[in-house]
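First up is the structure itself, then whatever we jot down about it.
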2 protein chains.
Amino acid sequence: MSAKAVKTSNKTNKEQSDASDGPAPQHSVVIDLSAVIVTVESETPFVLVVERKDAKGGKKSYGLPFGPFDPDLHRTLEIGLRTWVEEQTYLHLGYVEQLYTFGDRGRSDIGASGDSRIISVGYLALTREAPELSAPDNVWHNWYRYFPWEDWRDHKPEILEERIEPTLGQWADEETDNVIKQQRWDRTRLCFGLDGMPWDEEKVLERYELLYEAGLVSEAQRDQGLPVDEERGLGQAMMSDQRRILATGMGRLRSKLKYRPVVFELMPPVFTLLNLQRTVEAISGVHLHKQNFRRLVEKGGLVEGTGKKTTQTAGRPAEEFRFRWEVMRERPAPGFRVRSSSRS
Amino acid sequence: MSAKAVKTSNKTNKEQSDASDGPAPQHSVVIDLSAVIVTVESETPFVLVVERKDAKGGKKSYGLPFGPFDPDLHRTLEIGLRTWVEEQTYLHLGYVEQLYTFGDRGRSDIGASGDSRIISVGYLALTREAPELSAPDNVWHNWYRYFPWEDWRDHKPEILEERIEPTLGQWADEETDNVIKQQRWDRTRLCFGLDGMPWDEEKVLERYELLYEAGLVSEAQRDQGLPVDEERGLGQAMMSDQRRILATGMGRLRSKLKYRPVVFELMPPVFTLLNLQRTVEAISGVHLHKQNFRRLVEKGGLVEGTGKKTTQTAGRPAEEFRFRWEVMRERPAPGFRVRSSSRS
DNA sequence: TCCTTTATACTCGTTTTGAGCATATATGGG
DNA sequence: CCCATATATGCTCAAAACGAGTATAAAGGA
């Protein structure tokens, strides 16, 4: 760290204690770039994870791919990310978007005891590549493996009524302070759509954070140094606070779907409207009304028919469509303002 | 930087060149936290800026307040930010939200020649404090001083037709590659609402980036090492790439307004509906239809009347309202889905 | 009193949305 | 060939939301 940089930073920090221009300040920071790389295949949203040997047992543990940011090599953070992802995963990334910068002490099991603080800049990336094409260490996982309560496509996931709702209720009730108790109930109701509140598929992160606070995901025990009971933790855990980054990515993608035509980054060049709908549903985790979806997509000018028909399907052949790139030049915020429907 | 952290980061980077566990890697990184601190007073959105002596001339130069993140002192980035802001500005921050992490080489005039790369994590913070209360170095500036083309409340800003539109058109036309020329025109039309495209008040960052690319803001000349003509640059410049951070903050706040009740962080405990509307208008920079705004706010359950009436105003006294906190517990995303109207 | 100013109630046509019905066209089994 | 089944696609219909007003109320000042 240069003296110049420290000095500059302290221009507005006259009272700050560490204004000494010593060459190596006691605190140091490492920047990691973490990637939520998503693809959709057979109506399933996949996220790329890397297997890592657990420090203690030989248990399999998974985490998001990440790599250090090297300021000497890369002009921007995004370039750094794209470079190492494409080098290591052999994937071509289409859409890339910065998610959030995470730097909580105590929510990381790597470097936690070292003298260096790790700051993770999370990125969301979309790719159309087939799951087979990736490098050996990499695995594609259905993202609902980490968030089983987020898939409402067929029905409300049983885990909610069987485990999440009762345990969260208990957690709220065991609080003695009535104000906090009320807040816990309110958050639970709002996040998980209790008492007639609607299920908001975008609140992936809020739900995960609530479960973390209530100690229902095993990262919570791990971060407190408590013994981890694999069976009790909801969903599969990830190393460090990477499940939080994944939750952020899922929520962001679900939200972005509605006002930007990002789904097409996940679609083949030609597709049927049902293909498209299934992809949107896979990501958003809710079921959509077919006819209204079609109306939205066609009236919004997002696609154009190719004139050709599919043959493979069981029923009447569907027309094949392609994305209308021109829509990006015509409308300010084209997307699917999807709202989940009861049943078809 | 510890060897351990480097090693951990390289688990997924076997091919990476700097896998040596040397104690001090050649590249180092400093994290700065920059704050876009906003308040609204007399129908004007103010942002807190700090005066800094320019390196060359004695010219006054302004930038956002920022300070280093000290990983030893603070558990999270947000805590770090809140701490130094409250220490140095004597302001109480209400709402705080992370914006984006900026780390482009060459868009910073500080530390650019040093051997340390500065990564800025931008934050948006809202406060209700009166502009007078801040510390000596700090100044509140109308944010439209930096973005004069963003204030459409009274009329379309003249700067658009007089300078921005013609110069952007020229910039697009002087491109010889027809594909790129088309893209430049498309972006211009979309960002600035040409040819009947609507003005989207949320695209603050996109517009700034376009002006930067076209060389119409003086940061663009500065970053290329060209002489800076104060008169030609649009809006007032800021040091480093802080006007970009401000643009991000403005856009984010304008967008957030629509689905979260954040305006109330900027309002006194009791206010009239016109007060509220003027505050929303000040931020979003567009004029709203009074009766429809009222309908939205009241039907949405965002406020409740106190029964008392104002006296100060010219015309008929207005009822005073307060924010209904309960709405946060009732609805998933309460806010103002405002759409600008022609004229009242 | 009348004029100006702001507040507030109400209307009205249009668009958007949610939900469903009806019909068309394929497949595979008898 | 006819039928059950599956998917595709066209169309309706009522409710809600939206955009743009008009009309009336209640204050102060000339």
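Chain naming here is simple, since letters A, B, ... match the order of the sequence lines and numbering starts at 1 in each.
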cation_pi(A:Arg254, A:Trp199) dist<6.0 Å, angle<=45: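 Verdict for A:Trp199: no cation-pi partner in A:Arg254.
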Length of the [atom1]-[atom2] vector between [X] and [N], whole Å:
X	N	atom1	atom2	value
B:Leu273	C:dT8	CG	C1'	10 Å
A:His289	D:dA14	NE2	C1'	14 Å
A:Asn292	D:dA8	CG	C1'	15 Å
B:Lys258	D:dC18	NZ	C1'	15 Å
B:Asn275	C:dT6	CG	C1'	12 Å
B:Gln277	C:dT6	CD	P	12 Å
A:Leu288	C:dA19	CG	P	12 Å
B:Arg278	C:dT6	CZ	C1'	10 Å

Checking D:dC18, C:dT8, D:dT9 against the side chain of B:Gln291 (C-beta onward), the nearest is C:dT8
Can you identify which nucleotide, out of D:dC18, C:dT25, D:dA26, has its nearest atom closest to the B:Pro317 side chain? D:dA26
Phosphate contact ([N] OP1 or OP2) by [X] side-chain N/O below 4.0 Å:
X	N	value
B:Arg294	C:dA9	yes
B:Lys299	D:dA17	yes
A:Lys290	D:dT9	no

Donor-acceptor pair under 3.5 Å, B:Arg295 side chain vs D:dG19 base: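 Yes, a donor-acceptor pair under 3.5 Å.
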Base D:dT9 to side chain A:Glu298, donor-acceptor N/O within 3.5 Å cut-off: no
Any donor-acceptor N/O pair, B:Thr306 side chain to B:Lys308 backbone, under 3.5 Å: yes
Do the side chain of A:Arg294 and the main chain of A:Leu273 share a donor and acceptor less than 3.5 angstrom apart?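 Not a single qualifying donor-acceptor pair exists.
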Taking the side chain as every heavy atom from C-beta outward, state whether B:Leu210 and B:Phe192 have any atom pair closer than 4.5 Å.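 With C-beta onward as the side chain, the pair touches.
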Would you classify B:Leu274 as touching base, sugar-phosphate or nothing, given that sugar-phosphate means primed atoms plus P, OP1 and OP2, and contacts are heavy atoms under 4.0 Å? sugar-phosphate
Considering all heavy atoms of both residues, which atom of B:Ala282 and which atom of B:Arg153 are nearest to each other, and what is their separation?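 Minimum heavy-atom separation between B:Ala282 and B:Arg153: CA-NH1, 3.3 Å.
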Let me spell it out: for each of A:Glu319 and B:Arg316, pick the nucleotide of DNA chain D with the closest heavy atom. Which residue's pick is nearer the 5' end?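 Comparing both residues, the 5'-ward one is A:Glu319.
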